[in-house]
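Accompanying notes for the structure given below.
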2 protein chains.
Amino acid sequence: MKRSLEHIEYKEDTEALAKFAKALGHPTRIAILKHLESQSCCFTGDLVDVFPLAQSTISQHLKELKNAGLIQGELKPPKIKYCINKENWKIAKSLFQQFFD
Amino acid sequence: MKRSLEHIEYKEDTEALAKFAKALGHPTRIAILKHLESQSCCFTGDLVDVFPLAQSTISQHLKELKNAGLIQGELKPPKIKYCINKENWKIAKSLFQQFFD
DNA sequence: TTTTCTTATCGTAAAATTACGATGAACGAT
DNA sequence: ATCGTTCATCGTAATTTTACGATAAGAAAA
């Protein structure tokens, strides 16, 4: 990209909302989150069984959701249990809520 | 991408939500929508004045928001007046609402 | 008809995204 | 110490996104 301009500074809420939205901007990730909501938690392997995607692809989506703060992983050797990050979930919820009025 | 697998079919709601989320997944577009909400409507040129971005860039963001159905353009020659698409806005709102519980 | 104003679209380039298979790291079990 | 299981990360490739300037399209005005 021709990026002559330095990064534009938006309000904190705007950036935060965009970040959450971006993480939600893929059907696989929505589906993963819905699955997590219904199960409350689950392992990577469970998702690999549910979705017709490579293990590495699932892992990549999980990473993005984790980076966005929507989920968190708990070590349960040799597995990792993923759950919704309820704290940030609430933040995201209220950001979307107030955005849509 | 190595796309050996055909496109995965998700539930309609999942696809719809991801589409809305993706459109919201950029701070500039969030800011544009917030601006539209406060003003109810505005012209492309107004936005070019507000944001330090090229006219073509603004136009591109508007196109994405329009493609996602979040805004609509009304011909007001020689300008185009953009407004929130209230019908789809409501749909998006309820999709996010039910997603977050 | 030509000019002017506004906005969209085109062409381009850099970066990010999304997918895959292969490999590596962490841990328990053998 | 080695093996097996689980998951993350690496390397790669195609596609999409995001930005820019330049150009085209549309309608009113001169």
Side-chain angles (χ1 to χ4, degrees), chain A residues 1-10 14-15 18-32 35-36 41-68 71-83, chain B residues 1-10 14-15 18-32 35-36 41-68 71-83:
Chain A
M1 301 186 234
K2 273 171 272 178
R3 290 285 143 79
S4 53
L5 294 161
E6 66 279 37
H7 179 248
I8 301 171
E9 282 297 326
Y10 292 98
T14 298
E15 299 270 13
K19 188 179 165 188
F20 283 129
K22 190 171 191 179
L24 297 177
H26 195 283
T28 295
R29 290 197 288 270
I30 296 286
I32 287 174
H35 192 81
L36 276 180
C41 288
C42 79
F43 304 104
T44 307
D46 301 344
L47 298 169
V48 175
D49 293 338
V50 172
F51 299 99
L53 295 167
Q55 179 266 320
S56 56
T57 303
I58 298 285
S59 195
Q60 219 170 297
H61 282 304
L62 287 171
K63 188 184 179 181
E64 287 201 48
L65 290 172
K66 200 167 59 183
N67 285 343
I71 63 172
Q72 63 198 145
E74 187 190 339
L75 257 81
K76 217 82 173 173
K79 302 189 182 183
I80 293 172
K81 197 173 76 174
Y82 280 105
C83 306
Chain B
M1 300 185 234
K2 274 171 273 176
R3 288 287 142 79
S4 54
L5 293 162
E6 65 279 36
H7 179 251
I8 301 171
E9 283 297 327
Y10 292 98
T14 298
E15 298 269 14
K19 189 178 164 189
F20 283 129
K22 190 170 190 177
L24 298 177
H26 196 283
T28 295
R29 291 198 286 272
I30 296 285
I32 288 174
H35 192 81
L36 276 179
C41 287
C42 79
F43 303 105
T44 306
D46 301 344
L47 298 170
V48 176
D49 293 338
V50 172
F51 298 99
L53 295 167
Q55 179 265 322
S56 56
T57 301
I58 298 287
S59 195
Q60 219 170 297
H61 282 304
L62 288 171
K63 189 185 178 181
E64 288 201 48
L65 290 172
K66 199 167 61 184
N67 285 345
I71 63 172
Q72 64 199 142
E74 187 189 340
L75 257 80
K76 219 80 176 175
K79 301 190 185 182
I80 294 173
K81 196 173 74 173
Y82 280 105
C83 306

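Residue numbers begin at 1 in each chain, while the letters A, B, ... track the order of the sequences.
The distance from atom CG of A/Asn67 to atom P of C/dT17 is 10 Å, rounded to the nearest whole Å. To the nearest angstrom, C1' of C/dA19 lies 17 Å from CG of A/Leu47. Atom CD1 in B/Ile32 sits roughly 9 Å away from atom P in D/dA19 (whole-Å rounding). Between A/His26 atom NE2 and D/dT17 atom P there is a gap of 10 Å when expressed in whole angstrom units. Here C/dT7 presents its C1' atom at 17 Å from CD of B/Gln72, a figure rounded to the nearest Å. Note: CZ (A/Phe51) to P (C/dC20) measures 13 Å, nearest angstrom.
Of the candidates D/dT16, D/dA19, C/dG21, the closest approach to any side-chain atom of B/His61 belongs to D/dA19.
Among residues two or more places apart in sequence or in another chain, the side-chain contact (heavy atoms from CB on, under 4.5 Å) test is passed with A/Glu74 by A/Lys76, A/Lys81. Listed by chain and number, the residues in a side-chain contact (heavy atoms from CB on, under 4.5 Å) with A/Val50 are A/His35 (sequence neighbours excluded). For A/Thr14, the side-chain hydrogen bond (donor to acceptor under 3.5 Å, both in side chains) partners at least two apart in sequence or on another chain are B/Lys34. Residues that satisfy the side-chain contact (heavy atoms from CB on, under 4.5 Å) test with B/Gln72, not counting sequence neighbours, are B/Asn85.
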* Structure fact -> Expected string for nucleotides 2-10 of chain D under the B/S/- scheme (protein heavy atoms, under 4.0 Å, primed atoms plus P, OP1, OP2 as sugar-phosphate) is ----SBBB-
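For the side-chain hydrogen bond (donor to acceptor under 3.5 Å, both in side chains) condition, the pairs that include at least one residue of residues 47-62 of chain B, sequence neighbours left out, are B/Arg29-B/His61.
Once rounded to the nearest 0.5 Å, the distance linking CG of B/Leu62 with CG of B/Leu36 reads 7.5 Å.
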